[in-house]
Structure formats: C-alpha cells, structure tokens
Amino acid sequence: MLRSIHIENVAVIRRADLEFDRGFSTLTGETGAGKSLIIDSINLLLGNRVSREIIRTGEEQATVSAVFEELSPALCTHLEEMGFPCEDATLMLQRTLHADGRSRVRLNGQMITQAMQKEIAGRLISIHGQSDSQRLLQKCNHIELLDAFGKPSAEKSAYVSLYTELQETMKKLKSISSDEAEKARLYEMLKYQIEDIDAAKLKAGEEEALEKERDRLANAEQINRQIHLAYRALRGGEKTNAYDLIRRAELAIGALNGLVEDADALCERLVAASSELEDVAEILLGYSEEDTEDPSARIDQIEARLDGISKLKRKYGNSIEEILSFRAEAALRLEELACSDETRIALEEQAKRLTVQAKKAASALSEKRRRAAEEITKGVTQTLAFLDMPKVRFAVSVKDAPLSPSGADEVEFLIASNPGEPLLPMIKIASGGELSRIMLALRSVLNDREGAGTVIFDEIDTGVSGKTSRKIGIKLLETSADAQVLCVTHSAQIASLADTHFRIVKEERDGRAETDVLRLDGKERVEEIARILGGIEITEAQRRAAEDMINEYR
C-alpha cells in the first residue's frame, strides 16, 4: 500500500506531503485547485511520460517520492531477484525531473533505469481514469484484460513457444522455396565463382612471397654489384682482402708465442675471425649465383600472377585469405541449394507437425480464456445491476481466429444498453457515464487478480447521477477491502463514504499561486461535503445532509 507521497515543485505545488491509510481515501476540491496535479505527480512516479513544463516556474527540478509498505511476498521476492531486497516489506521510490529534460529514478536510494521503474511501479499502483475508459473501447486491449483475469500463464507460454518455432520454420521454408528461376541463377553464379577461384590455385601467403621475390629480382644488378664488392673485400681480392690480412696477422702473432703473454689466445681469436669471414664470403657468393640468368622473364611471370590475384581480390575479397573464405561460403550455399528439395520436404513436415501442436496448445489457451470470459461476464453483470444498469447486458466474446502471436482467439467486450437489442462492441453504443460504470465493474472483478496494492480512480463519477454515484462509492468501498483505493472525485455521494478525506486547495502566497493538500476530520469534512452538494452559501440543511451521508455507512 501507498503509505506517503512527497511532491515538490510540480506546477503550482511548491511542496506537499500526503499520509495515506488503508481502505478508501478520496481527494476533492474546487475545479482548478490542482487535483489533476496529484495524478500527474503519481504518473511521474510510475515512469510515464510527463512534460518538463510541469516543473514549477523558476525551479530547476521537480521531485516526487513515495513510501510503500506491506508489500506482497511475491513482490518482495521479485525485487530481491532484481537486486533490491526490501526490509520489512517496505520501499521508497523517487523520481526527479530536471529542467533540461533529464530524469533520475531511485529505489531505496539506489539509481535505477526508467524501464525498471515502470516494471516495479506497475506492480505497486494502478491508475484508472477517463483515458482508461477509452482503453476499454479498443478491441486490441480486450484480450490483454481477459488474460489479466484468467492468468493462463502456462498455456500461453506453451503456445508462444510453439508458435515462435513455427514462424521460424515457415521463414526458412519461404527462403528455400523462392522462385525456381532465381534459384537456378544463383546456382550458376555460385558455381562460376567457385570455378573462377579454383582455377587460380591460390595459396595462403602467396601474394606476399611473390611481391618480395619481384622486388629482389628488380634490384638484381645492384644486389650483385654490392655482393661482389663485399666478397672481394672479404675474400676474393687478388692483391689484398680481409681474410689474407687476418691470416698474416695470425702468423705474425704466432711468432711471438712464448715472448708475448696471451699470444696463443690472440691467435685463436684471429683463427675464429678468419673462419667467420670465410663463411660470410661464401654465403654472399651463393646469393650472387642464384640469379645468373636474366630476371626479366621471371618478373613478367610474377607480375602476371599478381595481376590475376588482384582481379580476384576486386571480386571476392581484400586478400587471398578472404577470397578463400568467400569460396568456402559459396560452396556451402551451393550445397544447400543442391539439397534444397530435401530440406524443403523436411521443413514442410516440421511445419505440419508444429501447426498441429500449436493448434492444440491454442485450443487449451482458448478453453482457459472462455472459462475466464464466463466468470468476468457474470461478475460484471452483477456489478452493473448494482450500479443502476440492470437492463444492460455485458459479455466477453471469444471467437476462433487464425493463429497469431497471442493465440487463436478474437476477444471483444460487448454490451447491449437496452432490452431486446443485440450485443454490440462498446465503442458503438457506450456513453461516458456507462463507460465509467463498466470500467468500475471490470476493475472490481479484475482487481484481486492484477496484484497492485493501490488502485487509483480519477473522476470515475463523470457523467453519472447522484444515486448512481452513491452506488459507485459503495462499490469502491467494497473494493478497498482487498486493496487500498484512492479516488479523485467531484461527488459528495462518493467522498462521504471514504475512510480518509483530503481536500485540495489553491491559495496565493507572496503573489504566487500554491496548491496545498489538507486532511479533513470532523467538521472540516462536513463543510467540504456540504460545499460539494452545492449552493452559493453553505446552509445548515446542507450540513445536516452531509452529516447524514457520512454517518450512513458508519
């Protein structure tokens, strides 16, 4: 239940705090006093879209926060699974709307997303007003309302699973059952692409190796010249070279053996150096011998090969690896096309099997809905009779329909306003006053199934007379035995039945209008009920009438 709500800087509400009790509470006040702002504030808390124009002029932000107590065990478990454990079955929800359009939401002081806010708040509060009455007229919402009552969770889950699998199968079947001429064209194209790539006999890394070889051959003359120059300096010079000079030094130092300390060690190092020089010289000479022929022919071969690879890259990928990957994918698609007849037959069999299973699951779902429809029809009819609509017939129509995401049912709420008239869609015949009572009748039947601990009715008395308003109030009072009920009303017949009564007033302070919320008791409440009853001046007769209305159900 909603224990308290704090509103700050919402339009003409500078600051307001409301403390609620269990049972039935009403909010009344003069037209324009700001009753709708209370509903707007709660909508802000519920995560609904609210214009930033709602922020009080001159302020940077508007804030609404509320404390909820006595949460249901199911809701506490759900919140704990979401990572928000609720001690003592209590939580605080807060939303702040900034002037730049930003919005921040906190649950027990922790930041949460607006999507999480909507999910959680929807389990806490349910608001029903004129827009909700219009929702009843939309046929697309009727199946949702029926399921909210019947709760065919298991049947619906089983059906949705089968229907989703059936749709995926049909999508695959449609894909492979495309135009035969298009399939033949695709088959020939894939076959050509594979043959085109295979003819090149590509190898991974081949392009880089060819480019390296081409660069070496293009510079063969310079390479040979430098190699021979280095070879002559190291080993091949006729007059002098590094190898001969080191050998001479080795012989000279060898003659100093016994005369100079470490002469032997120095000789060994020179022997190693001469051996290393000889190896380097032989390696260089080997490089020179590799390209004894004219490299032009080989370069032409390499360029032709690289050009062929480049053409394939323009068609199939940016590298040989991508080309080979394209070839593998094309081969797989070609194989699928070749086997499409077998695949199509298998998918057709699977589609038939799933269709049978989906229809069976849809039938179970329909049966659950039809039973729920009978219960709703009975409950709403009884309530409408109490609300001075005894001749009105109400029914929930559940007709067979093709398989769809929601099942195989066409659901619609029907009414007949007068005896002898056929049942017709509500959108064709229901007046505003009738809609208010039908909505209340539905809500009184659905309320214990929907799970919200607090139900708010916004001006549900619109378009109805005093006697009927009294009966609406009685029904709201009865509904409050199962859930906390809040009602914004202009009706004295409804307001006088409430357990708790709030008055919304607008006053001028420091040259600016401000809305306040007052909790009424005793004489204050009598005065407010008398005011609603009408008249320029409140008379003693109106006060006595107000007292009688308040005391009647006490």
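Values below: every heavy atom of this structure, side chains too, minus hydrogens, waters and symmetry copies. Given the structure is predicted, the values throughout are model-derived calculations rather than measurements.
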Going by atom types only, do [X] and [Y] share a side-chain donor-acceptor pair under 3.5 Å?
| X | Y | result |
| --- | --- | --- |
| D196 | Q193 | no |
| Q484 | T454 | yes |
| E119 | H78 | yes |
| E144 | H142 | no |
| T381 | R393 | no |

Strictly below 4.0 Å, N to O, side chains only: are [X] and [Y] in salt-bridge contact?
| X | Y | result |
| --- | --- | --- |
| D88 | R3 | no |
| K368 | D147 | no |
| R371 | E375 | no |
| E410 | K139 | yes |
| K313 | E207 | yes |
| D307 | K311 | yes |
| K399 | E412 | no |
| R305 | E206 | yes |
| E478 | K475 | yes |

For the residue pair [X] and [Y], establish whether any side-chain heavy-atom pair is separated by less than 4.5 Å.
| X | Y | result |
| --- | --- | --- |
| E195 | D198 | no |
| Q110 | N108 | no |
| V105 | T113 | no |
| E213 | R298 | yes |
| M170 | L354 | no |
| F413 | V380 | no |
| F84 | I112 | yes |

Sidechain-backbone polar pair: [X] side chain, [Y] backbone, donor-acceptor under 3.5 Å:
| X | Y | result |
| --- | --- | --- |
| T377 | A373 | yes |
| S41 | L37 | yes |
| E321 | A204 | no |

Inset, instruction - Kindly indicate, with the supporting measurements, whether the criterion side-chain contact (heavy atoms from CB on, under 4.5 Å) is fulfilled by I456 and I125. - result: CA-CA 7 Å; I456 300 175; I125 296 179; 3.7 Å; yes
